[in-house]
Amino acid sequence: MAGPLRFRVSEESWTEARVRERLLTPLAASFGAHLETPWFTPPDGYEARRLEMDNGDVALFCWTDSTAYWLGNTKTPEALWRTDKSAFTEVPYPVARWAQRELLARLELVDPWLADYDHVAWFFLPVFLSKDGRETTRAFFADHAAGFPDASRDEALGFFEDALATGALDAYRYTMAAKLGTSEGLDIGRMSATMAEFIVAKLLADAGLAFEPEVQLDSGHALDFRVDGNHLVEVTRPRPPTHRSRADTPTAAVRETADAKTDDQLRAHPDATLFVDCTSFRDDEWAAVRAEQPAVSHRPTVVFRARPDGHIEGYRIGTLPFELDGAINWLD
């Protein structure tokens, strides 16, 4: 399975003749391909070309006398197999800016519904145009409202546009975007669980808390966030009761999902705060949880549900090590 879009960096000398021979020719033989002038002016000192494949793949290539950058969601030509990979932040800014302008323009052309959501399109660009995940990640937003039940595509996009507009996750773009997936398989449950982490990141940012995601620990576990330098956070999202073969009531789903975390990561890190995100629950399912407020074995825990209009409500079990007042509407 391919990963998120990354540049390949070549330290060899390139000319247009070599681009045609070593890049265009093998791609044309595999898929049918042609070389085009880029839509946007390349960085000063660089030559640049777009490679468009008949199967819908695309690649960008720009070069100077001594360095070249390749970025594409197609088969990598053999001439670039032994090159290093770099993220957008690891190549010269003018190169990254030019490449992203090219790809965002293409994304708007093929999926114009993303045009009004600049932050969503930019943040998830490494997976929206990845080799294997481009269809599934866009379909997750377009057809499944990014995991919100009974919501429209645009309502869901508006929620995550606001969440990403804060810039709190910009430094962790590759880490977080890659969690959405670069697979050809559309796994709604897993992808919805990923979006729970984005919702918790929004809660933490709205509360004015500093955080870093995907924390690797000496225990061998990775927890979802470290808050204010020393408070660990783990996030989980129950599948809705209608999608479960056991624990088929809303309250049982909350308890079972929380207990699964207690038996794993939280056993090694008992001081961590657990967030149980019930955003995938329908109104009636959440109403049952809201009324009963089922307890779970781990403390502290936050059980909550977000709606596309930005309203987030929930309840606490135990005492939180940080304040979330103002970011969440407490039921207790």
Side-chain angles (χ1 to χ4, degrees), residues 1-7 31 39-40 50-60 71-76 87-88 96-97 99-165 169-170 172-199 201-202 213 237 239 243 277 279-280 306-308:
M1 183 177 70
L5 278 178
R6 293 182 187 270
F7 288 91
F31 309 113
W39 293 339
F40 297 91
R50 293 174 62 90
L51 292 96
E52 297 277 358
M53 273 53 75
D54 292 351
N55 67 350
D57 292 356
V58 65
L60 304 173
L71 184 69
N73 57 17
T74 192
K75 177 181 178 182
T76 303
F88 286 108
R97 182 175 183 272
Q100 289 181 102
R101 291 181 73 193
E102 289 278 338
L103 294 180
L104 286 168
R106 180 183 179 85
L107 190 62
E108 182 176 344
L109 182 67
V110 297
D111 281 308
W113 51 270
L114 275 169
D116 293 333
Y117 306 100
D118 295 341
H119 294 92
V120 171
W122 175 84
F123 193 92
F124 290 108
L125 185 66
V127 293
F128 279 164
L129 285 173
S130 66
K131 182 179 179 181
D132 293 331
R134 58 190 176 191
E135 300 296 337
T136 54
T137 52
R138 283 181 265 167
F140 177 62
F141 279 92
D143 302 330
H144 301 279
F148 283 109
D150 306 323
S152 70
R153 175 191 70 194
D154 288 314
E155 287 172 333
L157 282 165
F159 177 92
F160 289 108
E161 179 73 6
D162 290 343
L164 293 171
L169 286 172
D170 286 1
Y172 310 104
R173 180 187 182 193
Y174 268 84
T175 298
M176 295 298 290
K179 288 186 175 191
L180 187 59
T182 54
S183 169
E184 292 180 340
L186 182 64
D187 186 338
I188 303 303
R190 181 193 58 75
M191 297 171 88
S192 296
T194 294
M195 301 317 291
E197 296 179 36
F198 283 87
I199 297 173
K202 171 179 166 55
R237 177 181 283 196
R239 288 179 180 265
H243 296 173
D277 175 16
T279 295
S280 293
R307 296 301 296 145

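- Proximity of F31 to D54: side-chain heavy atoms (C-beta onward) are nowhere separated by under 4.5 Å.
- Side-chain contact between L5 and L103: present, with at least one pair of heavy atoms (C-beta onward) separated by less than 4.5 Å.
- For A142, the side chain to side chain contact (heavy atoms under 4.5 Å, CB included) test picks out W113, R153, with sequence neighbours left out.
- At a threshold of 4.5 Å between non-hydrogen side-chain atoms, the residues D118 and L104 do not count as touching.
- Under the side-chain hydrogen bond (donor to acceptor under 3.5 Å, both in side chains) criterion, Y174 pairs with no residue, sequence neighbours left out.
- Between the side chain of S280 and the backbone N or O of R239 there is no donor-acceptor pair closer than 3.5 Å.
- Contact check for K131 versus D57: no side-chain heavy atoms found under the 4.5 Å cut-off.
- The side-chain hydrogen bond (donor to acceptor under 3.5 Å, both in side chains) search around K202 returns D206, not counting sequence neighbours.
- Judged by distance alone, with hydrogens and angles left aside, the side-chain atoms of T136 form a donor-acceptor pair with the main-chain N or O of G133 at under 3.5 Å.
- The nearest pair of heavy atoms linking V127 to P4 is CG1-CB, 4.4 Å.
- A pairwise comparison of heavy atoms in T194 and L180 identifies CG2-N, 3.7 Å as the closest pair.
- Annotation: side chain to side chain contact (heavy atoms under 4.5 Å, CB included) contacts of D143 (sequence neighbours excluded): A139.
- Under the salt bridge (charged side-chain N to carboxylate O under 4.0 Å, His left out) criterion, E52 pairs with R50, R106, sequence neighbours left out.
- Between R307 and D150, the shortest heavy-atom contact is NH2-O, 4.3 Å.
- Under the side chain to side chain contact (heavy atoms under 4.5 Å, CB included) criterion, D162 pairs with no residue at all, not counting sequence neighbours.
- Looking only at side-chain heavy atoms (C-beta outward), T279 and M195 stay at 4.5 Å or farther from each other.
- The two residues A59 and M53 come nearest to each other via the heavy atoms N-CE, 4.0 Å.
- Considering only residues two or more places apart in sequence or on other chains, N73 meets the side-chain hydrogen bond (donor to acceptor under 3.5 Å, both in side chains) condition with R134.
- For the side-chain hydrogen bond (donor to acceptor under 3.5 Å, both in side chains) test, residues two or more places apart in sequence or in another chain that qualify with H119 are E161.
- Partners of F148 by ring-ring contact (aromatic ring centres under 6.0 Å, His included), not counting sequence neighbours, listed by chain and number: F159, F160.
- F140 CZ to M191 CE: the interatomic distance, rounded to the nearest 0.5 Å, is 5.5 Å.
- Contact check for P213 versus E197: no side-chain heavy atoms found under the 4.5 Å cut-off.
- Of the possible donor and acceptor atoms, none in the side chain of R138 sits under 3.5 Å from a partner among the backbone N and O of L107.
- Every residue two or more places apart in sequence or in another chain that forms a ring-ring contact (aromatic ring centres under 6.0 Å, His included) with F124 is listed here: F128, F141, F198.
- Considering CG of L125 and OG1 of T137, their distance stands at 10.0 Å, rounded to 0.5 Å.
- Inter-residue side-chain proximity for E102 and V58 is flagged as unmet; no heavy-atom pair is nearer than 4.5 Å.
- Contacts of E155 classified as side chain to side chain contact (heavy atoms under 4.5 Å, CB included), with partners at least two apart in sequence or in another chain: A151, S152, P308.
- Not a single salt bridge (charged side-chain N to carboxylate O under 4.0 Å, His left out) links D116 to another residue, sequence neighbours left out.
- Rounded to the nearest 0.5 angstrom, L60 CG and F7 CZ are separated by 7.5 Å.
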